[in-house]
Amino acid sequence: MHETIVIGAGPVGSYYASKKECLVLEQKKRSGVGEPVQCTGLVSTNIDDFVKLPKSFVQNRIHGAVINSPSNQVYIKRKNVAYVINRKRFDQFLLDKALEKSEVVFDERVEKYSKFGDYVQIKTAKNVYRTRYLVDASGPKSDKPFLLGLQVRAELEREPFVELFFGEKVCPGFFAWIVPESKEVCRVGLATRSPSTYLDKFLEGLGNPKILDWQGGIIPMHEPSARGESWAYYLGDRGGHAKPTTGGGLVLGLKSAEILSRGFDGFERKWDKTVGGELKLHWRIRNFLNKLNDKELDELVKLVKQVKPELEKHGDMDYPSLFLRKLLNPPVAWYAVRNFFKML
Ligand SMILES: Cc1cc2nc3c(=O)[nH]c(=O)nc-3n(C[C@H](O)[C@H](O)[C@H](O)COP(=O)(O)OP(=O)(O)OC[C@H]3O[C@@H](n4cnc5c(N)ncnc54)[C@H](O)[C@@H]3O)c2cc1C
């Protein structure tokens, strides 16, 4: 019997296995890990707390964001706030780190697992394993609420700022993005229930740039949890640990893995106090944003303009609780009072 088995050698499962010795079961062959790319590769510099990113796969450094509502716009400048990374190389890099500490069985697809007494039995297409602790890091699942993310790499000249576009006509229920991976190439995408029509229209608005590549995948859109049925600990997208505000799952996924690698005892409590609390706040912000019509989005961007200096100083893509309380000034308080019921 194994002490700990992890399902999935994606970035989160691999990161966990690089910190704590375990057995990882991965459905892909070793050469297939990190492919196909289903990610924009935008990570805040908070990633430095977990991984020293080799310079060779940081493709761009981002110095702020331009937020667009249907009739309003705000620039938030913040030097070196995020990196745009080569996601395939990132996943393979974390896998190499995992292999220094743990064993990974490739081409081993888990079909089901169940709890028996004090162990969990895992059935794959070829084998049956037993483990005391099971960590499920097998990515997003389509039996839970999700959005479909679709993006292209396109020839488009941009400064190193991320551009976000909100509005019913652009992307209902989420937003469209332009993330420059270099001066000449951007990752342009959006996430919604039927993304292709919206993306076609969005690209048309950008003058139909030359498309180099298509990418896409599932973004979990449900309340996050640290524990699933059959006694499994959930990490990464499996537990809905991608931020519901932006869909970004790498930084908080790695943070959750780090907390779990320190021990199973009291994990849920520790996770809830840190990552879980932040994710739940992202979830509330997402629910609030989804209740706003285009006019109300314009009003929100107007408010963001009023707190721009504070956002430029304290804003954090991952941990909203760190800066929300710093934004409490009369215009924000008045806005909160007027929108109180939407925030519930
Ligand atoms: C369009 C799009 C854009 C995104 N952009 C960003 C971004 O800019 N920044 C960011 O931080 N995040 C982004 N994300 C989210 C990010 O990609 C995920 O949060 C991240 O991949 C989660 O990592 P994970 O290890 O939990 O899951 P995954 O990366 O999905 O890895 C899961 C692993 O488990 C394996 N597996 C699955 N099922 C089984 C099974 N039954 N048996 C064995 N192995 C199995 C898979 O093969 C895979 O290797 C984006 C997502 C999408 C769809």
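We number each residue from 1, following the sequence as shown. One-based numbering, in listed order, for ligands and for the atoms of each. What's counted below: heavy atoms across the whole structure, side chains too, no hydrogens, waters or symmetry copies. Keep in mind the model is a prediction, meaning the values are calculated, not measured.
- The distance between the ring centers of Y133 and F264 falls below 6.0 angstrom.
- Remark: K295 does not engage E299 in a salt bridge, criterion side-chain N to carboxylate O under 4.0 Å.
- For the residue pair W214 and Q151, no side-chain donor N or O sits within less than 3.5 Å of a side-chain acceptor on the partner.
- Contacts of ligand 1 (protein heavy-atom distance under 4.0 Å) are I7, G8, A9, G10, P11, V12, L25, E26, Q27, K28, Q38, C39, T40, G41, L42, R87, E108, R109, V110, A137, S138, G139, P140, G149, G217, I218, I219, G236, D237, G247, G248, G249, L250.
- If you run ring-ring contact (aromatic ring centres under 6.0 Å, His included) between H241 and each of W271, Y233, Y234, only W271 comes through.
- For the residue pair Q121 and Y113, no side-chain donor N or O sits within less than 3.5 Å of a side-chain acceptor on the partner.
- A donor atom on one side chain and an acceptor atom on the other are found under 3.5 Å apart for K141 and S138.
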